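Some notes on the structure that comes next.
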Amino acid sequence: MASLTLNNVQKTFGQTEVLRGINIAIEDGDFLVLVGPSGCGKSTLLNMIAGLDDISGGDVNIGEERVNELHPSERDIAMVFQSYALYPNMTVEQNIAFGLEMRGVPKEERSNLIAGVSGMLQIEHLLKRKPAQLSGGQRQRVAMGRALVRHPKIFLFDEPLSNLDAKLRVDMRTEIKRLHQRLGATIVYVTHDQIEAMTLATKIAVMKDGVLQQLGSPDEVYNNPANVFVATFMGSPSMNMFPAELNALPDGFYLSLENSSGEQQRLKLTRPLSNSAAYNGKKVLVGIRPEDIREAGDEDASRISCPVDVVEPTGADTYVVTSLGGKEVVSRLKAKCTLKAGDTAELAFNMDHVVLFDADTEERIR
Ligand SMILES: Nc1ncnc2c1ncn2[C@@H]1O[C@H](COP(=O)(O)OP(=O)(O)OP(=O)(O)O)[C@@H](O)[C@H]1O
Ligand SMILES: [Mg+2]
């Protein structure tokens with residue numbers, strides 16, 4: 001196992017800049033999850049770490065070693081591709097065993113390793129089949145098996161669970177987490193699944209258009225987003241975002257906004273802001289997660305009344321869509337909530353979790 005350091009890593013395909021100066025450092029044993037919209041450069045970054053795409057600028061270091069010029073086979077990496085290429089003429093068992101054979105692992109040890117991963121991946125019954133006789137999800141698990149029998153310096157996984165059904169996906173997620181805890185492996189993992197990102201990662205890197213937006217623990221990225229993009233990209237449903245004016249009053253800072261009846265309402269800030277004076281009297285963007293809004297009780301001073309547009313019961317919770325400051329605001333309320341469309345909801349915000357952004361730059365105001 002090894003640490004991984006990317007220093008100002010760049011990639012251009014012809015004239016197109018695909019990665020713009022990526023700086024990421026992870027420790028030995030970290031589980032780095034890369035997230036970002038389709039086309040932002042996640043697979044390209046994995047390919048460069050693996051040595052399958054050359055590096056247009058910057059350095060990739062595995063452990064203490066700069067690997068820019070090393071051949072993929074010399075980097076000691078195991079990769080599961082987004083399009084999991086298997087050897088078509090080999091059985092599942094041979095596919096998994098191939099890398100082990102190449103490394104001269106004795107037959108008995110190979111059998112034990114194959115039995116171990118095929119149990120974990122629930123593919124024992126498929127070992128004698130050829131890839132063409134498998135479903136997409138089964139092939140994907142064979143590709144995982146091929147990587148997991150090895151003990152490389154770094155595992156690279158590109159959306160390894162994307163073709164599995166919901167149940168199997170949850171099972172595999174747990175297995176990967178268990179494996180990581182047991183081996184302490186260094187892993188770089190790409191996913192579009194928010195729950196996978198939050199539950200597996202020790203660090204999350206959020207990318208957009210080839211630019212790293214934020215690198216931090218799941219908690220940091222979720223609760224302390226660096227900008228509006230990160231705030232709204234992480235979490236489902238997304239963080240609510242609406243405009244308000246920041247005002248200094250004698251007893252502290254307030255957010256002022258108009259409700260749908262045109263009345264001014266105020267919410268008192270509880271998180272200290274170091275540069276709040278600069279924003280006094282200015283419009284800011286207010287971010288609050290659906291789970292940080294609840295129906296106001298008598299004791300709630302910071303409350304806002306909003307007209308209810310849509311009520312969506314999900315069983316465990318009820319999502320209530322209201323509007324505020326001209327924007328849609330979703331609250332995750334208790335399942336037994338009795339609000340209906342057309343009602344006016346009295347909502348209380350958990351002001352300790354409210355985050356503010358500059359209305360022009362969309363960067364976080366701290
Ligand atoms: N060989 C190539 N030549 C030119 N452009 C490429 C090449 N490979 C990738 N790209 C472009 O680079 C950008 C990043 O692609 P990449 O595959 O890394 O995205 P991604 O983040 O993995 O997306 P997805 O989530 O859809 O898998 C895309 O705009 C893509 O079109
Ligand atoms: Mg990709």
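Order of listing sets the numbers, starting from 1, for every ligand and every atom in it. A quick note: this is a predicted structure, and the numbers were derived from the prediction, not measured.
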Next on the checklist: I'd like to know if Arg20 pairs up with Asp209 as an ion pair, taking the criterion as any Lys NZ or Arg NE/NH1/NH2 lying under 4.0 Å from an Asp or Glu carboxylate oxygen.
Outcome noted: no

Checklist entry - Looking at His192, which atoms of ligand 1 are within less than 4.0 Å of one of its heavy atoms? => result 25 (O)

Next on the checklist: Whether Arg150 engages the ring of Phe155 as a cation-pi pair (distance to the six-membered ring centre under 6.0 angstrom, angle to the ring normal within 45°) should be assessed.
Outcome noted: no

Checklist entry - Would you say Cys40 has any N or O atom under 3.5 Å from an N or O of ligand 1, going by distance alone? => result yes

Next on the checklist: So for atom CG, which belongs to Leu183, do other residues, nucleotides or ligands contribute more than 12 heavy atoms lying within a distance under 6.0 Å?
Outcome noted: yes

Checklist entry - Who's the nearest protein heavy-atom neighbour of atom 11 (C) of ligand 1, and how far? => result Val18 CG2, 4.1 Å

Checklist entry - Under a 4.5 Å cut-off applied to non-hydrogen side-chain atoms, are His180 and Glu175 in contact? => result no

Item to check | Residue, atom name and distance, where the atom is the protein heavy atom closest to atom 5 (N) of ligand 1 | outcome: Phe13 CD1, 3.4 Å

Item to check | Validation row: Val311, Thr318 side chains within 4.5 angstrom (heavy atoms) | outcome: yes

Item to check | Worked check of side chain to side chain contact (heavy atoms under 4.5 Å, CB included) between Glu196 and Arg169 | outcome: CA-CA 9 Å; Glu196 256 170 60; Arg169 208 174 163 132; 3.0 Å; yes

Next on the checklist: To check your reading of the model: name the closest protein heavy atom to atom 29 (O) of ligand 1, its residue, and the distance in Å.
Outcome noted: Gly39 O, 3.7 Å

Checklist entry - To the nearest 0.1 Å, how far is atom 26 (O) of ligand 1 from its closest protein heavy atom, and which atom is that? => result Ser38 OG, 2.5 Å

Item to check | Any protein heavy atom nearer than 4.0 Å to atom 31 (O) of ligand 1 | outcome: no

Checklist entry - Just wondering, do Lys282 and Glu245 contact through their side chains at under 4.5 Å, heavy atoms? => result no

Checklist outcome for this item: When rounded to the nearest 0.5 Å, the distance separating CG of Asn280 from OH of Tyr254 is 13.5 Å

Next on the checklist: Taking backbone and side chain together, does Ser43 place any N/O/S atom at a distance below 2.8 Å from the Mg ion (ligand 2)?
Outcome noted: yes

Checklist entry - Is it true that Lys340 and Asp343 have a side-chain N and a carboxylate O under 4.0 angstrom from each other? => result yes

Checklist entry - Any idea which protein heavy atom is nearest atom 27 (O) of ligand 1, and the distance to it? => result Gln82 NE2, 2.9 Å

Next on the checklist: Distance under 4.0 Å to a non-hydrogen atom of Glu159: what atoms of ligand 1 satisfy this?
Outcome noted: 25 (O), 27 (O)

Checklist entry - Can you list the atoms of ligand 1 that are under 4.0 Å from a heavy atom of Ser43? => result 17 (O), 18 (O), 20 (P), 22 (O), 27 (O)

Item to check | Option whose closest heavy atom lies nearest to atom 21 (O) of ligand 1, chosen from Lys11, Lys42, Glu17, Lys208 | outcome: Lys42

Item to check | Per-atom contacts of ligand 1 with Thr44, taking only distances under 4.0 Å to non-hydrogen atoms | outcome: 14 (C), 15 (O), 16 (P), 18 (O)

